[in-house]
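All remarks here apply to the structure that follows.
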Amino acid sequence: MADVTLHGISKRFTEANVLEAIDLEIASGEFVALLGPSGCGKTTLLRIIAGLERPSLGEVRIGGLLMVGANTFVPAEERRLGMVFQSYALWPHMSVADNIAFGLKVRRMRHRERAERVERAMAVVGLDGLGGRRPAQLSGGQRQRAALARCLVLEPELILLDEPLANLDAHLRLQMQAEFRRIHRETGTTFVFVTHDQVEAMALANRIAVMNRGRIEQTGSPEVLYRQPATAMVAGFFGKGVVLPAEVLSVPALGRVVASIAGSIFEFGGAAPTGPALVSLRPEHLSLVRNRPALAAVATYAWFRGEDYLVSFVLPELGGIMIELALATAPAQGERVSLGIKDGWVIPTGLSTR
Amino acid sequence: MANLAFSPVARRRHLPLASGEALILAGLCVYALALSVLPLGRLLLEAFRPGENGLVFGTFFDVWNSRAAPRALGNTFIASLGATCISVVVGALAAGIVRLADLRGREIIAFLFLLPMLIPPQISALAWIELTGSTSPILRLVGLAPPPGRTNPLYSMPGIIWVMGLEHAPLVMLSMLSALRGIPRDLIDAARVGGARAGHILGRIVLPLALPGLMAGAALAFVSAIGNFGVPALLGIPGRVTVLTTLIYQRLNGFGPSVLPEVASLALVLVLLAVAGLVLRGLVMGRRGFSVDRTGSELEPFPTGRWRPIFELAAWMFALTIAVLPLLALVSSALVPALGVELSWATLSLENFEFVLGGSGMISRAFANSFVLAGAAALATAAVAMLLGYLVVVRRNPVARVIDRIADAPYAVPGTVLALGVIIVFLPPLPVLGFSIYGSMAIILAAYLARFLPLSLRPVIATLETLDPALDEAGRVVGAGMPRRLVGIAVPLVLPAALAGGLLVFMTAVNELTLSALLWSTGTETLGVVVFFLQYEGNSPAASALASVVVAVTITMAALLEFLARRFAPGASLLRG
C-alpha cells in the first residue's frame, strides 16, 4: 500500500495559476477526498498524481519513490497505479473482459493466469458473467464497475478516482458508495478521489482536503471540517450554516473566545486575537429565545417540509445576511424574532481573506 | 496485496519521449519535408532565380514582360471570376432546393447536384463537348444540334466559364448547406410568431445568416477555378484560350525541363492568386459576423404547399440538366461506331467499350497504372493520417501540429504548382540512392502522397476529436506505451474514418489529370492522361467510352463511401460533413 507525498506542487497554464504550492501527505491505506468547487484545481492535482499532467514546480513521491522532481518525471505508463475516470473511459471496441485484461496483456501475463485474474476482478465488482458484453451494452452502474475492475485487476497500491459517482443517478450512487467502501476495506489500497459533492466526500473519505482557487484550504476528518473550519470558505462550502462578522473581545481560556456580533455578546470555540474576526454558525447552534443575548432577525419565508418548517430569516443589523433554520412552528412573514447562539467557531480574519 | 510486481517502479527517469513516438515523428517529418516543404519551397526559389542577364528576380521579370504570360493571367482571372459567378448562382439555388423547400426526394436531388464535383474536370468538359457539338446525339434528337462543320461553341472563354462554373458549384452548395444547417429553428419560429411571412423570413433571416457560408464557398470555387487544368485543357487548347495552367503545361511539354525556371515564375502567380482566395475565405469564415446559439434543433424546410409539384418538377429538371444530361451525351457518343455517325438502334455499337476495356497496350496500362497509383496513395495516406492524427489530437504534439498545418499546403495550391515542385525536387538523382525517379511511377506517387493526404487526414482528425481523451489516458494508466495504445486503442477506433478517407483519395486519384499531365512519360500513363489524349487525337468515341467507364467506377465508389461514412465516420460524409 503506497503513501503519497506532494510537496510544493504548482501548476501554471499560460495565464492562470491552477495550483499554488500544494503540500499534502496521504498515508498508506487512507481514503482521501479532494473536495472543492469546479475550477479549484482538484482534477489537475489528481492528474498530476497519476502522471497525466506535469506540475510546473514541486515533488511527488508515491510509495517513497520520487515520481516528479526537478529532473525527474515518471510518466503515467510507468507509475503502476489505478485510475477510474469520470467518463469511465472504457474502450468501446473491446469486450468488458478485454478491457479488464488489456493492462495484463501489456505486462505480458500468460493467458491462463490472465483469465483467472480477470474472472476474479469481475467477481469482486459483481460483474460475473458479463465479460463478453461490449461497454455500450452495460448500464451506467455496470460501466462504473467495469472501470473499477479494469483498475483492480492490476492490484495497484494506489487508486485514483475522478468524480466517480457524478454520472450515476441517486440510487446507484448510494450503492456504488457502499461498493467503494467495501473494496477499500477488503484491499486496503490507498484511495484518492476527486469530488465537488461534500455529502459524497463525507460518505467515503476518512480525510478530506478542501480545495479552493488552487490551494488547499484545510485538511481533516469530516468532523473537524464541520466543527472547526479553518477558513470562511470551508465553513461556507462544507455543511450548512452562516459565517458572520464578529469582534473578539477577550480570550477567557485556551480555545475559547468571547466575541460580540451586532452588539450582542456570545462565547465561541476556536482561537483568535482580539479584534475583528469571523464566526461560523451551524443550524444546531441557533434557536429562538427570549430575554437573552440574541440577534434580531426577520422571518421572510417559510416552507413546510413535513417534519418541520424551513424558515428563512434576514439579519437587518448585519446588512441583510440570510440564514435558514428548521423550526417546529413557522413565525408569520415579517415577524421579528430573537436568535440565541449556543455555540460557534471563531475564524481569525487573517487567514480567511483569500 | 503485497505484490511486488506491481509496486510503482521508476524504471526510466528521463523525459517521456518514448522511442516509438520519436521514430514515428521523425518519419512524418521526412514525409512532410520531402513531399511538401521541399517541392513548394524549391519552386519559390526557382521562380526568383536571377535571369540570363544576372538581375535579381530576372527570370520572373523576363517571363512577365513577355506577351503570353500576362495574357494567360488575364484569361485565368476572367475565367475564374466568371466561373465563380456561375458556381454561386447554381450552388446557392441547389442548396436552397435541397435544404429550404419540403420537396420529395431531396436526398437524391442533393446527390445529383454533387455529381459534377465527383466527375473529374476533363471528363465534365468532354461530356459537355459531346452534348453541345454538331454530332450531339441528344441535341439531334430535338433538332437543336449546330450544323456539321461548325466549331463547338464550348471551345471558347464562355465555354470554359460555363463548365468550370458547374464543376465547382457543389463547393458553394456544400458550404452553404453547412451554413444553413447552423441556423437554429428557433430563429425561424420566433420570426413566425412575430408575424413574418415566408418570403420575409428567407430574405431577412435565412439569407443574411447563410451569406458567410455562401461567400466562403465562392472563395473556394474561385481558388479551384484558378487551379483547374482539365477544363481549359480540353476546351481552351482547341479554342486558343490559354490560361496559366495550360500555358505551363504547353511550355513544359514543348521545351522540357529546361524551361522549369520560367514556368516556376508562372506558377508563383498561380500560388499568389490561390493564396489570395484562401485568405479571403479565411476572413469570411473568421468573421462569421453573428454568433448564433447552436443548441436548438435544426432548420426545417419551408412548406411549399400546393406549389410543391411545380417546384419539384423545376428542381428535377434543373438537376438533370446540369448533372445527368452531359453524362447521357457522353455515354451515347461512346455508343456510335465512329465519329460523325448518327446514333440510332441500327448504328448502336459497343465497339468503343470493347476497344477501351479489351485492349490496346496504352489503355490497359493506364488502368493498371491508375489503380496501382491510387491504391498505393489511398493506403499510404490513410496510414499516415492515423499516425499523424493520433500525435496531433491525442498526444497534442507540437511538431505534429506543425506537420498537420503543412500537410494542407499541397492540397491548397493548384495541382500544376505541386507537380512543378515535385519535378524540381525529384528530377536530380536522389541523395544516397543515386538514381532519379523522374519518368517513373514513383514521381507520380510522390505527388499523390503530398496532394491527397488532407483528404485522408480530415476525417481521421474529425473522428479523433470526438473521442474521449480519457480513452488514451486509461491506456497510459494501465501501463501501455505509445505504440501499444496507438495500435490497441486509437487505430481500431479511427479505422473506419481512415478507410473512408482512403476511399476518397482513391476516387480522386484514379481520375486525376492535373498532376499526371506534367509527370507522366511513356509507360506511366494514367487514365486521366489517356482520356485527354484520345480526345486530343480526335478519337472522341473512344475517349467518351473510357470516360464513361471511369465515371461508373467513380459513382459506385462515391455511393460506397457515402454509405461507409454515414455508418462509421461522420467526418467523411460528402453531404453531411
Side-chain angles (χ1 to χ4, degrees), chain A residues 1-2 4 29 47 50-54 61-69 71-94 98-107 109 147 150-151 153-160 162 186-189, chain B residues 1-22 386 390 394-398 463-499 567-570:
Chain A
M1 307 315 99
V4 179
R47 290 170 60 82
L52 295 171
E53 202 106 36
R54 203 182 169 160
R61 281 172 195 279
I62 297 175
L65 293 168
L66 187 66
M67 294 287 147
V68 182
N71 298 308
T72 308
F73 181 76
V74 180
E77 295 89 307
E78 294 169 19
R79 291 198 185 182
R80 305 197 159 205
L81 36 79
M83 183 160 175
V84 176
F85 293 83
Q86 180 171 5
S87 60
Y88 313 141
L90 294 170
W91 299 303
H93 57 294
M94 297 183 199
D98 286 341
N99 261 281
I100 298 170
F102 188 77
L104 298 174
K105 281 186 199 160
V106 169
R107 284 165 171 67
M109 183 178 281
R150 183 173 67 184
C151 123
V153 77
L154 300 174
E155 300 181 359
E157 305 197 338
L158 169 64
I159 292 181
L160 308 175
D162 185 7
E186 285 173 7
T187 60
T189 305
Chain B
M1 280 295 291
N3 187 335
L4 282 177
F6 292 109
S7 63
V9 187
R11 273 186 288 138
R12 275 182 288 175
R13 300 191 168 226
H14 52 73
L15 287 179
L17 196 66
S19 56
E21 189 163 348
M386 288 194 284
Y390 178 78
V394 179
R395 302 291 299 153
R396 307 229 153 255
N397 183 306
T463 303
L464 280 170
E465 275 170 350
T466 62
L467 292 182
D468 180 3
L471 291 177
D472 190 68
E473 291 171 351
R476 297 184 61 187
V477 169
V478 301
M482 182 258 163
R484 183 80 195 223
R485 300 198 304 276
L486 178 68
V487 174
I489 299 171
V491 165
L493 294 173
V494 295
L495 202 59
L499 280 180
R567 274 205 73 174
F568 303 109

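Each chain gets a letter, A, B and so on, in the order its sequence line appears, and its residues count up from 1.
Of all heavy-atom pairs spanning B:L471 and A:W91, the tightest one is O-NE1, 2.7 Å. Across all non-hydrogen atoms, the minimal contact from B:G488 to A:H93 is O-NE2, 2.8 Å. The minimum heavy-atom distance linking A:S87 with B:A470 is given by the pair OG-CB, 3.9 Å.
For A:L90, the part lying near chain B is the backbone, with the side chain staying farther off; criterion is any non-hydrogen pair under 4.5 Å.
For the set A:G64, A:A50, A:G82, A:P92, the entry with the most heavy-atom pairs within less than 4.5 Å of chain B is A:P92.
Residues A:Y88 and B:D468 are not in side-chain contact: their nearest non-hydrogen atoms beyond the backbone lie 4.5 Å or more apart.
Side-chain atoms of A:R150 never come within 3.5 Å of backbone atoms of B:A474 as a donor-acceptor pair (strictly under, hydrogens ignored).
Between B:R484 and A:E77 there is no salt bridge, since no side-chain N of the basic residue sits under 4.0 Å from a carboxylate O of the acidic one.
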Trace of the side-chain contact (heavy atoms from CB on, under 4.5 Å) decision for B:V477 with A:F85
CA-CA 11 Å; B:V477 169; A:F85 293 83; 4.2 Å; yes
